2 protein chains.
Amino acid sequence: MIKKMTLEEIGKLAGVSRSTVSRVVNRQPDVKAEVRERVMEVIRETGFVPNSAARSLATQRSGILGLVIPRSVATFFGDPYFARLTQGITQACNARGYMLSLFLFHSNNDEELLLPRLSQGSFLDGVIVQATRDDDPIIPQLMKAALPFLVVGRLNTMPEGVSFIDVDNVSGAYKAVEHLINLGHERIAHITGSLDNRASLDRLIGYKNALAAHNLPVDENLIVDGAFTEDGGYEATRDLLPHQPDAIFAASDIMAIGALRALKDAGLQVPNDVAVVGFDDLLSSYQTEFALTTIRQPILRFGVSAVEVISDIIENGNTPPRQKIYDTELIIRETCGARQ
Amino acid sequence: MIKKMTLEEIGKLAGVSRSTVSRVVNRQPDVKAEVRERVMEVIRETGFVPNSAARSLATQRSGILGLVIPRSVATFFGDPYFARLTQGITQACNARGYMLSLFLFHSNNDEELLLPRLSQGSFLDGVIVQATRDDDPIIPQLMKAALPFLVVGRLNTMPEGVSFIDVDNVSGAYKAVEHLINLGHERIAHITGSLDNRASLDRLIGYKNALAAHNLPVDENLIVDGAFTEDGGYEATRDLLPHQPDAIFAASDIMAIGALRALKDAGLQVPNDVAVVGFDDLLSSYQTEFALTTIRQPILRFGVSAVEVISDIIENGNTPPRQKIYDTELIIRETCGARQ
DNA sequence: GTGAAAGCGCTAACAA
DNA sequence: TTGTTAGCGCTTTCAC
């Protein structure tokens, strides 16, 4: 069992003062090489690690980042999106020496209790918040607090001066649909995600834009809500079939899987009878039954960027607000028919 | 923008000393009701929250719990198991006033860098570790550090004196198989998870125990590895079909879904031709195409218990080590045929 | 019941 | 290049 040491004690062992040890620990330049080596040696032997509370108190920095998943999306934590995002964020935190503290709000109560503690206790250097409903009080509260924060994703009405990063859902959907158009499809259906969601809305816009750009009509019968679930995609597809789509663009891979299943059950061939394109490319590890053509969101890198941006804000302030939109990538596999 | 206050300043505003404010904040008894009210009022007005670094430094307690997912399982973070576990843990943390700090080790390097910081920096009051490979160095390292920790799940060879909580996989599997036996099945196949995994091993034992207890032979042809993936379950089932099982017990729901799909593709009826039982009951929100009979793991409550146990250890020490095994529950739906 | 004062372990300005 | 010293904001004896 390793005894916990202090700078003072390390200093005594190395025959120097605590300041010198502090300098060595913090990699400051003005220490004689020989002394530095002696101190390092003692640190190695003792396994010394500086006390983080004391350090935070003195520097007014905790080295801790918060990741906040508001109540309205907490139930979706099973969603691979959050898992991957979290993974990217922790990865970047590890690389940059930050610790990550996770806040999932399960109830109103949690939110009321934790938000002030989190924004006022100077426990966190900065916060990454998952965007949520427009009326979520969390953004205004963070704006009042003197705490750097970054929104991941966007709200429909984003307050002025808020930093965010997001994926370009409009152009992603556009790419998907244009790809189908280029393959000769004309009756392209769209299974949307829940439309209380900015991402769903944007993907719908991209879908319509692509049709318009190629002089194809928008047929409202070909637009059905799939609620971001596999069953939703399945049901949506059943609703679509009477209107004879020759292709389906689903706003998520999960829904695309549901669609593929529905097509299979209806005895239709993919991609010959109906082509399918999804969105996300988050499932590859789970599901290889279908080689799904999809729009890849670079979620992992997205998480990494989130950490980079928030730490930039922490170091240099929030002016001007950082607002970055990341591009997506069309991943051609088999369900679109381009590979035949 | 709320200014950050100190106890001293609050005291000045309320006309008392900082000690009194501290007593009020910490709900200590010996404060005159009138004074307490006056101080509370100021705190409310100013939105004061005590500085957590200063508090940690003085109390030697951080109020932070660590959740460590070692490298060997970090890739499985997409697994709903971890998502749910994390959810249960954060929920309990919120309720008990702990903060949760997440450590996903992605590389060897992460592990070497972070483990000492985490176990020596007195940044955490305690750690919850997901069990992993037997040769993972993390358990020995934590034992050396003076840091309370609790293992979630078990290793094959668990060092003496380590506290852990786990689910009773043996009896869970036993229940599943016994249920199938009671329904009259005799050629019950088992799709195992990856067998480098204690949980898979235990489920296999439970499967064999149940057969033995009912004088049914163990046919090695009826035991196939499904690697905990849907495709693994699908392939395993294809391998099983020539041996004509009348029921399949899959060691996870994901694999059970794969099995159901394989049976469907083979033109077999569930549960009439082949009955299916899974394990986990973690998928209900994603997947309702099949009403899968399964063994429910109380993961959410499990997470809650983890926090309770670790905080017990923090407060009262690790002697005796806490070792709890939680029971599972048979959830009868449609794929086993009991409901027909 | 309340206040004064010491100290938690560190950083950083200043002095040497 | 190194040491001395004064805090960082809180808790906690100890007096009163």
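A note on names: the letters A, B, ... follow the listed sequences, proteins ahead of strands, and every chain is numbered from 1. All values reported here derive from a predicted model rather than from experimental measurement.
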Contact under 4.0 Å: [X] side-chain N or O vs [N] OP1/OP2:
X	N	answer
B:T59	D:dT11	no
B:S19	C:dG3	no
B:Q28	C:dG1	no

Could you check whether [X] pairs with [Y] (Lys NZ or Arg NE/NH1/NH2 to Asp/Glu carboxylate O, under 4.0 Å)?
X	Y	value
A:D30	A:R23	no
B:E9	B:K12	no
B:R44	B:E41	yes

Q) The side chain of A:N26 lies closest to which of these nucleotides: D:dT2, C:dT11, D:dC10? A)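 For A:N26, the side-chain atoms sit closest to C:dT11.
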Q: Taking only the side-chain heavy atoms of B:R55 (C-beta and beyond), determine which of D:dT11, C:dG9, C:dG1 contains the nearest atom.
A: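 Shortest atom-to-atom distance from the side chain points to D:dT11.
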Q) Which distance, rounded to the nearest 0.5 Å, do you find between the CD of B:Q141 and the CG of B:L147? A)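 Separation between the atoms: 11.5 Å.
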**Q.** Atom pair CG (A:L118) and CD (A:E111), whose distance is rounded to the nearest 0.5 Å
**A.**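 Rounded to the nearest 0.5 Å, the CG-CD separation comes out at 10.5 Å.
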Nearest-Å distance, [atom1] ([X]) to [atom2] ([N])?
X	N	atom1	atom2	value
B:K4	D:dC8	NZ	P	16 Å
A:R23	D:dT2	CZ	C1'	6 Å
A:F123	D:dG9	CZ	P	18 Å
B:E8	D:dT12	CD	C1'	15 Å
B:N51	C:dC8	CG	P	18 Å
A:D30	C:dA15	CG	P	17 Å
B:F48	D:dG9	CZ	P	10 Å
A:L7	C:dA12	CG	P	12 Å

Q.
Need one value for B:S22: base, sugar-phosphate or nothing, where a base atom within 4.0 Å counts as base even if backbone is also close, heavy atoms only.
A.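 It contacts base atoms.
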**Q.** Comparing B:V16 and B:Q60 on DNA chain C - which has the more 5′ nearest nucleotide
**A.**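 So the residue in question is B:V16.
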Q. Between B:A58 and B:S17, who's closer to the 5' end of DNA chain C by nearest nucleotide?
A.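 Per heavy-atom nearest nucleotide, the more 5' residue is B:S17.
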